[in-house]
Amino acid sequence: MAKTLELLAFDQDHLWHPYSAIPPSYPVWPVAEAYGTRLRLVDGRELIDGMASWWCVIHGYRHPTLDAAIQNQLARTAHVMFGGLTHKPAVELGKRLLTIVPAELEKIFFCDSGSVAVEVALKIALQYWQALGFSQKRRFLALRGGYHGDTFGAMSVGDPVTGMHHLFAEFLPKQLFAPRPSCRFHESWDPRSVEPLAELVERHHAEIAALVLEPIVQGAGGMWFYHPEHLRAARRLCDEFAILLIADEIATGFGRTGKLFACGHAGISPDILCLGKALTGGYLTLAAVLTTQEGAETVCSGEAGCLMHGPTFMANPLACATASASIDLLLASSWQENVYRIETALAAGLAPCRNLPGVADVRVLGAIGAVELKAPVDLAVITPKFVERGVWLRPFGKLIYTMPAYVISDEELATLCKAIYEAVSAV
Ligand SMILES: *Cc1c(COP(=O)(O)O)cnc(C)c1O
């Protein structure tokens, strides 16, 4: 007990948490360990984890196969530089990625986090047009309601309001924004949804290097699920007006939406694909940026003669080995039926929330369930209610949402949904 208090006191005094003050304005719980779908707090309480540590931990915590993969690699080497050296974990992971992404994507850049992957994607697009002599194509078109990370380039293409652009106004490049796609995933397609995007493309294509979007599911920008035809139309516009399409699948990749990649809902391939989050099954930080033969050739034909990026921990062997094991595990499972099972359970379990007075909307797609309230959630009030009910959920803005590990049971899903219903009823 004294140890826990000391731990919490140091944390409060010295450690920054995501988007927080020091000390944070919300409670922070100390975790002793995690296994499967459970977090065990130092006081012995066990919570069903509804967050999969922000989309990442798709196979659950401490999976024996992933533990073994990381230990085997650790016995060889934890890390070597990727400049001038290569290794089996990077090659093995590269081979696996090429078997699961659209066939056009052949060249892979490994980096250390999702935000950096987005920076690299933007850089590829800029270097591509420079190499072709179109250096006026140096702005990006993005969607309102999007989220692409917290570094400056990534922030510049995130939603200008929720992304707090005004805080960094002098420093951020000014990008172009189309409205959030209005036609939802399950609605019948309304072509008017894409008209504002088409207008922006027609007016500004000469200065646009790439359209950056999260395919089908806008995650941290608002848990919004839009129609596959919107994505198809975006692909067509990019082709017609010589704009590269960057698909940020950092949150949606590896089965989360019911397809291995969300682009699969529309049957399209981007010119540049960003992967991260669940890539290592949530064990280590790793991201990848993939592009086409033509894209890579063009970038390398430019003034620099290369892609101008090279992080210290590029293609970290521990992370690559774990990622290969995670992909093998996913592909060997009946992941699609399983995600559908979770979708069905979330749809049934969250449906009663629609009748609560404070609820504006309930939406479910794949292994993602979201309840949108009419007013913002107070984390300091609602999180303790969830912990009392034995679940771990971390709402943001007006959204209470879950995207659990794929190994979650139907009973655990029912407990999560019931906890959401009760907490929403109480606030
Ligand atoms: C989380 C996320 C990022 C940023 O990834 P980090 O690893 O946190 O830098 C970028 N894009 C999307 C869609 C994300 O969900």
Side-chain angles (χ1 to χ4, degrees), residues 16-20 51-58 109-125 140 142-160 162-164 175 177 180-181 210-226 231 234 245-257 259-263 265 270 272-290 309 311-316 319-320 322-323 326 365-368 370 394-397 399 401-403:
W16 247 306
H17 285 262
Y19 314 102
S20 82
M51 302 303 292
S53 283
W54 279 336
W55 317 76
C56 300
V57 186
I58 53 175
F109 189 96
F110 288 120
C111 51
D112 28 26
S113 75
S115 302
V116 175
V118 171
E119 299 293 333
V120 171
L122 301 179
K123 219 179 245 189
I124 290 175
F140 292 94
L143 307 184
R144 287 185 184 266
Y147 174 79
H148 299 285
D150 289 347
T151 52
F152 278 95
M155 244 195 314
S156 79
V157 289
D159 185 89
T162 60
M164 294 271 186
Q175 316 295 13
F177 289 92
R180 182 174 81 168
L211 168 61
V212 188
L213 50 75
E214 293 157 280
I216 306 299
V217 172
Q218 292 187 307
M223 307 301 286
W224 182 253
F225 313 148
Y226 63 87
L231 186 54
L245 179 62
I246 300 175
D248 177 352
E249 294 239 19
I250 291 165
T252 49
F254 304 102
R256 182 57 67 180
T257 69
K259 299 280 184 191
L260 208 43
F261 299 105
C263 283
H265 287 285
I272 302 170
L273 173 67
C274 298
L275 302 175
K277 287 202 161 101
L279 176 58
T280 64
Y283 269 55
L284 288 160
T285 176
L286 182 71
V289 187
L290 291 96
H309 214 89
T312 307
F313 287 98
M314 185 165 183
N316 172 258
C320 288
T322 317
S326 176
L365 180 67
I368 314 165
R394 191 169 163 76
F396 71 87
L399 288 157
Y401 66 106
T402 177
M403 58 261 172

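Keep in mind the model is a prediction, meaning the values are calculated, not measured. Counting starts at 1 for both ligands and their atoms, in listed order.
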Any side-chain donor paired with an acceptor under 3.5 Å for Tyr147 and Asp248? no
Looking at SG of Cys56 and CG of Leu279, how far apart are the two atoms once the value is rounded to the nearest 0.5 Å? 10.0 Å
Please identify which atoms of ligand 1 are closer than 4.0 Å to at least one heavy atom of Ser113. 7 (O), 9 (O)
Taking atom types as modelled, is there a side-chain donor on His265 or Thr257 under 3.5 Å from an acceptor on the other? yes
Evaluate the criterion side chain to side chain contact (heavy atoms under 4.5 Å, CB included) for residue pair Leu213 and Tyr226; output intermediate values, then yes/no. CA-CA 12 Å; Leu213 50 75; Tyr226 63 87; 3.9 Å; yes
Going by distance only, is there an N or O of Glu214 that falls short of 3.5 Å from an N or O of ligand 1? no
Nearest-contact summary for atom 7 (O) of ligand 1 - protein heavy atom, Å: Gly114 N, 2.9 Å
Considering only non-hydrogen protein atoms, determine which one is nearest to atom 8 (O) of ligand 1 and report residue, atom name and distance to 0.1 Å. Ser115 OG, 4.4 Å
Counting non-hydrogen protein atoms only, what is the nearest one to atom 14 (C) of ligand 1? Give residue, atom name and distance. Lys277 NZ, 2.9 Å
Please assess Phe254 against Ile58 for the test side chain to side chain contact (heavy atoms under 4.5 Å, CB included), listing each intermediate value before the final yes or no. CA-CA 9 Å; Phe254 304 102; Ile58 53 175; 4.2 Å; yes
Give the atoms of ligand 1, by number and element, whose distance to some non-hydrogen atom of Ala251 is under 4.0 Å. 15 (O)
Backbone or side-chain N or O of Asp248 under 3.5 Å from ligand 1 N or O: yes
If I take atom CD1 from residue Ile272 and atom CG from residue Leu211, how far apart are they, to the nearest 0.5 angstrom? 11.0 Å
Looking at Gly149, which atoms of ligand 1 are within less than 4.0 Å of one of its heavy atoms? 4 (C), 10 (C)
Which of Leu122, Val118, Ile124 passes side chain to side chain contact (heavy atoms under 4.5 Å, CB included) with Val120? It is Ile124
Considering only heavy atoms of His148, which atoms of ligand 1 have at least one such atom less than 4.0 Å away? 10 (C), 11 (N)
Within reach of ligand 1, part of Trp54 (heavy-atom separation under 4.0 Å): neither
